[in-house]
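Okay, so here's the structure we're looking at.
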Amino acid sequence: MLKITEYWAGNRFLVKNIIILPVLLVLIFSASCREIQNELDHYLVAANELWGFEGTALVAVRGRIILCKGYGLANKEMGIPNTPQTRFYMGSITKQFTAAAILKLQEQGLLDINDPITKYLPEYPRPSGDKVKLRHLLSHSSGIPNYTDDPRIVLKRTMRMTPEELIRSFQYKALEFEPGTEFRYSNSNYIILGVIIERVSGQSYEAYLHHNILHLAGMKNTGYARREAGIPDRADGYTQEEPGQLVDAVPVDHSILYSAGALYSTVEDIFLWDRALYGNSILSRQSVEAMMTPNLGNYGFGWMLENKYGRRHAYHGGFLDGFNSIYSRWPDDHLCIVVFSNDDEAPVKKMAMGLAAIVFGKPYVKPIRKTPRVIDPRRLHEYAGAYQVDSGLYRYVIVDNDSLYTNLRLEPRQLLYPQAVDTFFFASDNTRLMAFGKDDSGRVDELGVIDEGIIYPAKKMLIDSLGMGELPVIPTVLPYEELVQLTGIYWLESYTDENNIKFTLVIAQKEGKLFASIGRSEPIELTALSENEFIYPASEFRITFIINGDGNAPGCIIEMGDAEIRGEKIR
C-alpha cells in the first residue's frame with residue numbers, strides 16, 4: 001500500500017520537474033488518503049468491538065485531517081454517540097499547557113525557570129523550596145513526592161480542594177532525591193506550577209490559560225473543568241466492573257487535579273494546538289524547543305520524548321476515573337494523532353502507536369478475538385496477592401465473584417480472562433498477557449505482564465511486608481448482625497499529618513459485605529481479616545473497628561501508608 005509519507009517522498013521529483021494537471025495530483029493524493037483512512041477506520045472499529053474502545057480519534061498529516069471520527073457512546077443511558085465535537089477530560093495532557101503557560105510568562109519577563117520555588121512562593125518550606133527550581137518541576141526531577149500516591153488524597157478525590165490545600169498535603173515531606181539528579185513523575189510538580197502562574201500573572205490559572213494560549217490557538221472547545229459549571233457535549237466516563245460491563249466511573253472533583261490534569265478538550269481542538277506549535281503565534285521557537293528537549297527520563301516539559309521508526313516522537317497520556325487519552329506528535333512528518341476515550345481501561349497508547357504504524361507502513365498489533373478458557377474458580381485464589389514491581393510500586397491480583405482482577409497501586413482494577421495454564425489475558429486489551437510463575441514447591445511466587453514482546457516482571461510479596469497483616473486465601477465471612485454493628489458515619493481526623501485532615505467516612509453493608517466511602521466517592525468493598533479488622537486489597541488501606549462490651553463500634557482507626565487516622569462514630 002502506498003503510504004502518505006512514501007507518496008510525498010517518491011513524487012517530489014515528479015511534482016517539481018514535470019508539468020502535471022493539478023486535478024491529477026489531487027486524485028492521486030485523495031486515493032492514497034482513502035486507502036489509509038479505510039485502514040485506520042477498520043483498526044478503530046476492531047478496537048471498539050474487541051477491546052471495548054469508546055471514544056474519538058483524529059489522525060492528520062501536514063495539516064490535513066485524514067480521519068476524525070467517534071466510536072461507541074458518549075452517554076450510554078441516553079444513547080448519545082461519540083463525535084469529533086465530543087468533549088473529554090484529558091487528564092495529564094493538561095501538563096503541556098501548564099508548561100506552555102510557564103514558558104509564556106518567561107517570554108513576558110515575569111519569571112525565570114532557573115529560579116527556585118521560594119522566589120515566587122516565599123512561604124514554601126525551606127530548604128526544599130530553595131533547592132527546587134521551576135525547571136525541576138517542569139521536568140519531574142524535583143524529588144517532591146507525588147501527592148496522588150497518598151491514599152488520603154485518592155479517597156477524597158470527589159471532594160473540592162484548593163491548590164493551597166493540595167500543596168500542604170506534600171510540602172513538608174522530605175525530598176525523595178536531590179533535585180536535578182533523577183527523574184520521577186510527580187503530579188505535585190505541576191500543582192506548584194499552577195499556583196506560580198496565578199501569583200505571577202495576577203490571574204486565575206484558568207483565565208491566564210484562556211487568554212494567552214487557548215484563545216490564541218482558536219481552541220473554543222477546551223477549558224478548565226469545574227463541577228459547578230456545566231460542560232455541553234461532554235462524554236460521561238465509564239469503567240469496567242463486571243465482564244464486558246461498563247459502569248459509571250467515580251465523579252472526580254477536578255479541583256483535586258488542578259493544573260496537573262483538570263482540562264477538557266476535543267480531538268479537533270488538540271489538532272489546532274498541534275498546528276500552533278509549528279508556528280510562533282503562541283510560543284517562540286526557543287520555548288517550543290525547550291518543551292521538546294529531553295531531560296532525565298527522556299521527559300521534556302510536559303512531554304515524553306523518544307525516537308521511533310527513525311523519527312522523533314513526542315507524546316503524553318492522561319488518565320482519570322472514566323477517561324483515558326493520548327496525544328501523539330511526530331514533528332519530522334507533521335503527523336498528529338489524538339485518541340480520547342471515555343472508557344478508562346481503553347489501551348489508548350497502543351492504539352496511537354498502531355495508527356502511526358499504519359501511516360508509516362510499519363507492522364502493528366491488531367485487535368484479535370479470543371475465547372476465554374474455562375477453569376475451576378477455586379484455582380484463582382492461588383494467584384491472588386500483592387506483587388512488587390519496583391520500590392514502592394505494587395501490582396495487586398484479586399479474586400472477586402469467581403473472576404480475577406489486577407491493578408497497580410491506587411488505580412482501577414482490570415479484568416483478566418484465562419487463556420492457558422497460569423496465563424491470562426486482559427479484557428480491555430486481549431493482546432496483553434499476564435503469566436504467573438511458580439517455585440519448586442508449586443506455589444505462585446511471581447508474575448509477568450507481557451505486552452508487545454516486552455515482559456514486566458513482579459515478585460509476589462507477603463502482605464505482612466506491606467504492613468497489612470496476613471491475607472487469608474479465603475477471607476473471613478462475618479454474620480449479618482456483626483456487620484450491622486459496624487455500619488454508620490464516622491468523623492475522622494489525622495493525627496500524623498501536618499495538616500490535620502478531617503473528613504467523614506460512611507460504612508455500609510450490602511448482601512453480607514461491608515463497604516466504605518468518603519464524601520461522594522464510589523464505595524469500596526472491604527475484606528474481613530477478623531471480626532473488627534478489614535482491608536481494601538487494592539491499596540494500602542486498613543481499618544480496625546474499636547468494639548465495646550455491647551459489641552458496637554463507637555470508633556475506628558484507619559491506616560493508609562504511613563498515616564494513622566482515628567474516627568469517632570457520629571451516627
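Between Asp233 and Arg87 there is no salt bridge, since none of the side-chain N atoms of the basic residue sits less than 4.0 Å from a carboxylate O of the acidic one. Looking at Arg184 and Glu182, a side-chain N of the basic residue comes within less than 4.0 Å of a carboxylate O on the acidic one, giving a salt bridge. Between Lys438 and Asp422, at least one side-chain nitrogen of the basic residue sits less than 4.0 Å from a carboxylate oxygen of the acidic one, meeting the salt-bridge criterion. Salt-bridge annotation for Asp402 and Arg378: absent, with no side-chain N of the basic residue lying under 4.0 Å from a carboxylate O of the acidic one. With salt bridges taken as basic N to acidic carboxylate O contacts below 4.0 Å, one links Glu54 and Lys76. The pair Arg329-Asp274 counts as a salt bridge, with a side-chain nitrogen and a carboxylate oxygen less than 4.0 angstrom apart.
The neighbour count for Glu77 CD, taken as heavy atoms of other residues, nucleotides or ligands under 6.0 Å away, does not exceed 12. No more than 12 heavy atoms of other residues, nucleotides or ligands sit less than 6.0 Å from atom NZ of Lys220. For Leu296, the CG atom sits in a packed shell: over 12 heavy atoms of surrounding residues, nucleotides or ligands are nearer than 6.0 Å.
Interatomic distance, CE of Met90 versus OG of Ser265, reported as 5.0 Å (0.5 Å rounding). Once rounded to the nearest 0.5 Å, the distance linking CG of Leu263 with CD1 of Ile270 reads 8.5 Å. Taken from CG in Leu415 to CZ in Phe426, the straight-line distance is 10.0 Å, to the nearest 0.5 Å. Atom CE of residue Met434 and atom OG1 of residue Thr423 lie 11.0 Å apart, to the nearest 0.5 angstrom. For the atom pair Ile36 CD1 and Leu67 CG, the distance stands at 11.0 Å (nearest 0.5 Å). A distance of 12.5 Å separates OH of Tyr417 from CZ of Phe424, quoted to the nearest 0.5 Å.
Ring geometry, Phe436 versus Tyr383: the interplanar angle falls from 30° to 60°, so the pair is classed tilted. Ring pair Phe88/Phe323 is perpendicular by interplanar angle, where above 60° counts as perpendicular and below 30° as parallel.
Across Asp343, Val247, Asp321, a single residue satisfies side chain to side chain contact (heavy atoms under 4.5 Å, CB included) together with Thr239, and that is Val247.
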Run the side-chain contact (heavy atoms from CB on, under 4.5 Å) check on Leu166 and Ile256 step by step: do they pass? CA-CA 7 Å; Leu166 294 177; Ile256 208 164; 3.9 Å; yes

Any chance you could lay out the side chain to side chain donor-acceptor pair (under 3.5 Å) test for Gln96 and Trp273, step after step, and finish with the verdict? CA-CA 11 Å; Gln96 63 193 253; Trp273 168 238; 2.8 Å; yes

Let me see the working for Asn324 and Asp344 under side chain to side chain donor-acceptor pair (under 3.5 Å), right down to the final yes or no. CA-CA 5 Å; Asn324 206 355; Asp344 60 19; over 6 Å; no

Take Thr83 and Thr266 through the test side-chain contact (heavy atoms from CB on, under 4.5 Å) and record every step on the way to the result. CA-CA 9 Å; Thr83 73; Thr266 66; over 6 Å; no

Do Thr158 and Asp253 pass the side chain to side chain donor-acceptor pair (under 3.5 Å) test, and can you show the C-alpha distance, the side-chain angles, and the key distance before you say yes or no? CA-CA 5 Å; Thr158 61; Asp253 191 303; over 6 Å; no

Go through it in stages, so that I can follow the logic: the residues are Tyr71 and Asp41, the test is side-chain contact (heavy atoms from CB on, under 4.5 Å), and I'd like the CA-CA distance, side-chain angles, deciding distance and then a yes or no. CA-CA 10 Å; Tyr71 300 82; Asp41 185 45; 2.6 Å; yes

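Taking the centre of each ring, Tyr327 and His316 stay at or above the 6.0 Å mark. Aromatic ring centres of Tyr405 and Tyr396 lie farther apart than the 6.0 Å criterion allows. With ring centers used as reference points, His313 lies under 6.0 Å from Tyr315. Aromatic ring centroids of Tyr264 and His254 lie 6.0 Å or more apart.
Side-chain N or O atoms of Lys460 include one that pairs as donor or acceptor with a backbone N or O of Ala384 at under 3.5 Å. A donor-acceptor pair is defined here as one N or O able to donate and one able to accept, closer than 3.5 Å; such a pair exists between the side chain of Ser325 and the backbone of Gly318.
For the residue pair Ser92 / Lys95, a side-chain donor-acceptor distance below 3.5 Å is found, with atom types taken as modelled. Using modelled atom types and a 3.5 Å distance limit, the side chains of Asn82 and Asn342 yield a donor-acceptor pair. With no hydrogens or angles considered, a side-chain donor-acceptor pair links Arg395 and Thr406 at under 3.5 Å. Side-chain atoms of Asp269 and Thr222 include a donor-acceptor pair closer than 3.5 Å. Looking only at atom types and distance, the side chain of Lys350 has a donor-acceptor partner in the side chain of Thr431 under 3.5 Å away.
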